[in-house]
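First comes the structure, then the notes that go with it.
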There are 2 protein chains.
Amino acid sequence: MPYLRIVPRRREFIRVAPGELEATRLASRPRDIVGRYLADIRRVAIGSPFATSQAIHERLTKVKALAVFSSDVLSSSAYATEEILIVLLLAGSGALPRALPVAGVIALLLAIVTLSYRQTIRAYPSGGGAYIVAHDNLGQAPGLLAAAALMVDYVLTVAVSVAAGVAAVTSAAPELHDLRVPIGVSIVGVITVGNLRGIRESGTIFAAPTYLFILAMATVIVTGLVKVAVGDAPGSLLHGAPPRETVVATQGLTLWLVLRAFSSGSVALTGTEAISNGVPAFKPPESRNARTTLTVMAFILGFLFLSVTFLSSRYGLVPSENETIVSKLGREILGQNPLYYTYQVATALILFLAANTSFADFPRLSAILAKDRFLPRQFAFKGDRLAFSNGILFLAGTSSLFLVVFGGEVTRLIPLYAVGVFVSFTLSQSGMVRHWWRLREPGWRTSLVINGVGAAATAVVAVIIAGTKFTHGAWMSILLMLALILLFTLIRRHYHWFEGKIRVPEDTLDIKPPASVPLVNLPARQHVIVPVDDISKVTMAAVDLVRELSSRVTAVHVADDREEAEQFRARWEKMIPDIPLLIIESPYRAFVAPILAYLDSLERVEPDTAITVVLPRVVTHRWWERLLHNQDALRLKPHLNKRPAVRTIDFPYELERGPASA
Amino acid sequence: MPYLRIVPRRREFIRVAPGELEATRLASRPRDIVGRYLADIRRVAIGSPFATSQAIHERLTKVKALAVFSSDVLSSSAYATEEILIVLLLAGSGALPRALPVAGVIALLLAIVTLSYRQTIRAYPSGGGAYIVAHDNLGQAPGLLAAAALMVDYVLTVAVSVAAGVAAVTSAAPELHDLRVPIGVSIVGVITVGNLRGIRESGTIFAAPTYLFILAMATVIVTGLVKVAVGDAPGSLLHGAPPRETVVATQGLTLWLVLRAFSSGSVALTGTEAISNGVPAFKPPESRNARTTLTVMAFILGFLFLSVTFLSSRYGLVPSENETIVSKLGREILGQNPLYYTYQVATALILFLAANTSFADFPRLSAILAKDRFLPRQFAFKGDRLAFSNGILFLAGTSSLFLVVFGGEVTRLIPLYAVGVFVSFTLSQSGMVRHWWRLREPGWRTSLVINGVGAAATAVVAVIIAGTKFTHGAWMSILLMLALILLFTLIRRHYHWFEGKIRVPEDTLDIKPPASVPLVNLPARQHVIVPVDDISKVTMAAVDLVRELSSRVTAVHVADDREEAEQFRARWEKMIPDIPLLIIESPYRAFVAPILAYLDSLERVEPDTAITVVLPRVVTHRWWERLLHNQDALRLKPHLNKRPAVRTIDFPYELERGPASA
């Protein structure tokens with residue numbers, strides 16, 4: 001067996017078994033100059049490639065896990081209150097105190113969802129994302145809906161979080177306000193490069209900003225509450241808000257408006273599902289640690305969200321375009337000092353971290369979908385650094401697009417957000433209901449009830465959000481989800497059809513002895529065509545090859561005029577009389593088109609014969625040689641490559657060595 | 001012979017002889033959509049293609065010939081006087097009257113050159129351009145110098161004529177002055193398209209503007225002379241110039257300055273050689289008609305040039321940036337009326353026609369050089385419309401570059417111009433001296449003396465121009481000529497070397513019977529490699545082909561990890577046990593690089609075996625199919641095409657039909 005004679009050399013291969021080599025990094029480097037140059041650029045940008053075996057699996061303590069999984073959900077406290085206030089403000093500044101009861105209902109919803117997800121974690125210790133849970137328990141269609149909802153949601157998480165993070169920055173530095181779109185897109189760029197480099201959900205990187213944020217928020221909230229308690233704040237603890245700047249109502253304070261405010265505020269819950277996806281990353285006992293962490297997270301979020309809403313009411317804050325509510329709160333309570341700036345930086349950082357979590361989740365989900373053949377296979381390829389590069393790049397592109405289209409404004413993005421989350425919540429909880437019903441493990445009744453309540457509550461919320469926000473942008477998310485489901489289905493159908501076409505049964509035995517009868521006695525199964533422009537050593541070498549390939553051979557010469565044609569035929573018949581020569585006179589001096597027309601004719605006349613075109617060409621080594629030798633074969637090739645019924649043989653002729661080592 | 005069975009169908013081919021087809025226009029059309037679309041655009045822009053036999057050969061009467069050949073030379077009267085004045089103005093406005101004697105010397109030179117070229121026309125009735133005459137009589141090096149000089153000159157003719165034509169326009173419409181570069185480049189564009197369409201030197205197109213210009217100029221001149229004679233002009237007929245606006249001298253009126261003025265004025269002679277190139281276009285008796293036309297042309301030029309110089313002196317005209325001397329003269333003499341505008345339009349038109357003559361001459365010269373292998377072969381290709389498209393486009397590009405770099409200003413271009421003309425004059429006349437000396441035909445002595453005087457005079461002028469204008473720009477032209485000669489030589493040397501490498505002696509007889517021994521008994525002359533990613537029908541079909549090609553075959557599978565590798569080997573050995581399988585584990589998930597590294601190893605280990613790589617691929621019909629099937633073969637192919645020692649076989653597999661009609 002010839003491969004046995006390969007002696008691994010220059011450290012390119014390691015022989016691991018007979019007939020099996022392992023390519024080292026040297027053998028995996030691009031071999032051409034351009035490729036190497038690009039690889040060098042990429043190495044500087046995203047680092048040296050990792051071998052598959054270098055994947056790191058870090059187990060997280062509860063403290064680190066909280067940092068890793070909570071940035072998404074906690075960071076929403078930075079904008080959820082404000083979004084409620086913005087909607088209520090439509091009914092005038094007098095309606096703003098209604099934010100507190102709305103926030104209370106959302107906190108209740110948070111409790112329900114948290115309890116629900118505790119069940120999921122128990123049932124899916126290896127990770128129970130909405131796609132998996134819905135697909136396993138409800139079937140393919142709900143699974144795909146969950147997947148589509150999640151994908152839309154991940155894109156929006158990046159857009160909203162980055163926009164809110166930039167708003168935190170521009171609140172502290174208003175002169176940057178007009179630059180928010182380029183700043184936002186740059187931050188997406190930095191996160192993208194980081195993820196292409198393969199930063200994993202490393203606890204250490206995440207811990208600092210998350211706990212800094214919690215600390216900063218807690219400082220503001222506690223100080224604020226104390227100030228309110230001792231009467232050092234504009235409003236008092238019990239007796240409502242202070243007089244605020246009056247904003248005139250443009251709408252009545254209808255139930256519809258309150259529901260809209262509720263919808264806007266419910267974005268606070270996005271990210272609650274994160275822990276249920278990542279149970280295996282916890283230290284053992286994984287499931288229990290994960291559940292504890294989830295509960296702690298929910299409490300922290302509830303505390304931050306309710307406190308911010310309460311304090312912004314007591315401080316009489318009114319939303320404005322250039323500064324966030326959270327920033328106003330910090331500035332009122334702390335004063336405009338370094339502490340305030342630290343607080344703003346911490347807010348911005350946790351929001352950017354929240355965007356980063358989508359960069360882990362989106363590519364992972366698309367890789368799962370690609371493996372299930374619902375997305376192109378490229379999404380399942382791991383890049384040099386073991387990251388799903390295509391998913392990362394796709395997410396970066398689409399989220400940047402959203403940032404640009406919506407001017408980097410959180411309030412304009414919010415109506416698109418949250419629909420997806422609550423759809424996936426609902427599907428996931430419904431799946432759990434089905435799960436408990438089917439398995440009936442010990443304690444299944446309690447779990448079923450909890451997930452049932454969760455499913456019902458999130459379903460109602462999903463409907464409310466879709467209804468109240470439909471015309472404001474939710475229609476876009478819904479349309480996107482439907483389009484994604486259609487795309488998944490079509491892609492799956494195509495792959496299915498394709499695999500059916502090329503599948504070979506596993507028990508096939510395909511073995512044929514090499515031809516043992518003389519070639520001349522075989523009927524020619526292929527007609528070999530060789531275009532010739534001259535009679536040279538290149539022609540001779542090509543003719544030599546062609547003689548070996550088949551007994552049915554035609555040399556084709558395209559001539560500009562009759563006279564040249566006759567001269568050529570005379571020389572040909574004198575020098576290479578055994579190969580039939582067809583001359584095509586081309587009065588319009590076309591070369592490619594007449595040859596293709598001739599191949600068409602052949603296909604019509606000899607439908608049962610394979611057509612092989614041999615394309616002789618001289619190997620050029622320098623760019624100016626390519627300018628001086630305008631090779632016909634190279635012009636013909638791209639056209640032949642498009643034709644299904646024609647095989648082409650690229651026949652390089654090296655001037656110094658003759659035809660390729662023959 | 002298989003080609004006999006081709007039945008010409010759908011009017012694509014006409015059978016002209018056994019084994020000889022003629023492609024109709026239908027078979028010469030691009031066959032792919034993009035190509036057709038581009039062809040449609042081209043057809044709209046430059047017209048339907050002409051067959052080679054459609055070349056038109058128009059014979060010209062003397063009247064038409066004068067129009068065709070004289071635009072270049074006559075049009076220089078529109079700027080030659082001004083260029084003399086601009087140089088003299090450096091010595092103050094008092095020096096301007098010196099223009100008349102300078103113009104007188106140039107007129108004398110014109111007479112000498114005309115007499116000289118009459119001899120050339122007599123000796124070369126089939127056309128005697130400087131390249132041909134110098135090459136024939138003096139040898140290759142002088143021939144190439146003449147060719148280089150002419151090429152530089154043709155480029156500058158376009159740049160200078162267009163710039164001067166635009167100056168004629170902006171003199172009448174000063175508001176266009178700042179747009180002169182874009183206007184100039186657009187005019188080059190129009191002329192280019194016209195020439196790509198294949199407008200030939202049609203007498204009818206040329207006659208109108210040329211005779212209009214002569215008529216308009218004559219009107220101005222005769223009116224002017226009459227006014228001067230009757231004392232109706234600022235200056236009188238005999239007693240010198242009128243008081244003009246005083247310009248202070250910045251230099252003394254040295255001999256050097258006068259010689260510089262002479263150099264600038266000598267551009268008037270450019271184009272005198274045109275008729276000698278085109279003798280065969282005259283009606284018989286060609287030679288005599290051509291000589292008569294040349295003489296008439298010289299007289300007209302002399303009259304226009306001397307008159308303009310004389311009148312601008314008597315009208316006390318001083319060159320200025322925004323209006324040409326010729327325009328000032330017309331306005332002073334005619335007044336600013338429709339007659340004046342007609343005169344300006346005629347001037348602009350003849351200048352654009354002058355540029356157009358270079359578009360006939362430059363591509364023709366480069367085609368001759370390409371046939372002699374001094375330029376890339378592409379320059380000898382005739383385009384759809386029988387024009388040498390590459391030469392036309394090259395001329396358009398370079399002359400536009402000159403226009404842009406020199407800001408479309410005639411005065412800045414003039415120092416580069418005329419060196420080339422006089423170098424080619426000198427070489428051409430010297431060649432004629434040699435010609436007469438060798439052939440000694442009747443009357444050779446007179447001709448030899450005339451050409452000798454011509455050669456000497458033009459040589460002196462060439463030296464004067466190169467010297468006085470060297471630092472002002474002539475160095476660029478000289479450098480360009482030298483660079484061109486170097487390029488010609490290198491190109492010729494390369495083609496010579498290349499032809500030596502591939503030449504086959506005419507008396508070779510290359511005939512070999514097809515293999516008559518069983519294939520298995522032959523030593524395998526090629527090692528066939530087939531990359532496989534899966535065991536599918538595509539793989540099976542490729543393996544089938546591979547078995548036919550050689551008894552030495554290796555299938556190569558690139559695996560991401562050990563486990564997958566072992567599974568694949570087990571399936572392979574069960575299903576296709578007769579083909580050896582090499583597995584390359586690629587821990588860095590690279591595909592192309594390890595295969596190339598493996599081919600490197602093979603080339604080292606089996607240097608005497610040809611390597612053929614079979615690249616199976618599924619034929620995709622739609623763009624989205626290409627997105628879904630990320631085919632490895634297509635990624636490998638461009639890399640293999642760069643390797644001289646590897647043959648590649650493109651093996652298309654059609655899902656509906658299986659491997660290409662096999």
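In what follows, every chain begins at residue 1, and chains take the letters A, B, ... in the order their sequences are listed.
- Distance CG/A:Asp650 to CG/B:Leu640: 9.0 Å, rounded to 0.5 Å.
- Considering only heavy atoms from C-beta on, A:Val618 stays 4.5 Å or farther from B:Lys501 through its side chain.
- For A:Ile579, no part lies near chain B; criterion is any non-hydrogen pair under 4.5 Å.
- Only the side chain of A:Trp497 comes within less than 4.5 Å of a heavy atom in chain B; its backbone stays farther off.
- For a residue to count as touching a neighbouring chain, one of its non-hydrogen atoms must lie under 4.5 Å from one of that chain's; by this rule A:Val543 touches chain B with the side chain only.
- For the atom pair B:Ile649 CD1 and A:Phe651 CZ, the distance stands at 11.5 Å (nearest 0.5 Å).
- The contact between B:Leu545 and chain A is made entirely by side chain atoms (from C-beta outward), counting heavy-atom distances below 4.5 Å.
- Side-chain contact between A:Arg503 and B:Ser536 is absent, with no heavy atoms from C-beta onward closer than 4.5 Å.
- With sequence neighbours left out, the side chain to side chain donor-acceptor pair (under 3.5 Å) criterion links B:Lys537 to no other residue.
- A distance of 8.5 Å separates CG of A:Asp534 from CD of B:Glu499, quoted to the nearest 0.5 Å.
- In this structure, the ring pair (Phe, Tyr, Trp, His ring centres under 6.0 Å) partners of A:Tyr495, at least two apart in sequence or on a different chain, are B:His629.
- Contact annotation for A:Val613: neither backbone nor side-chain heavy atoms come within less than 4.5 Å of a heavy atom of chain B.
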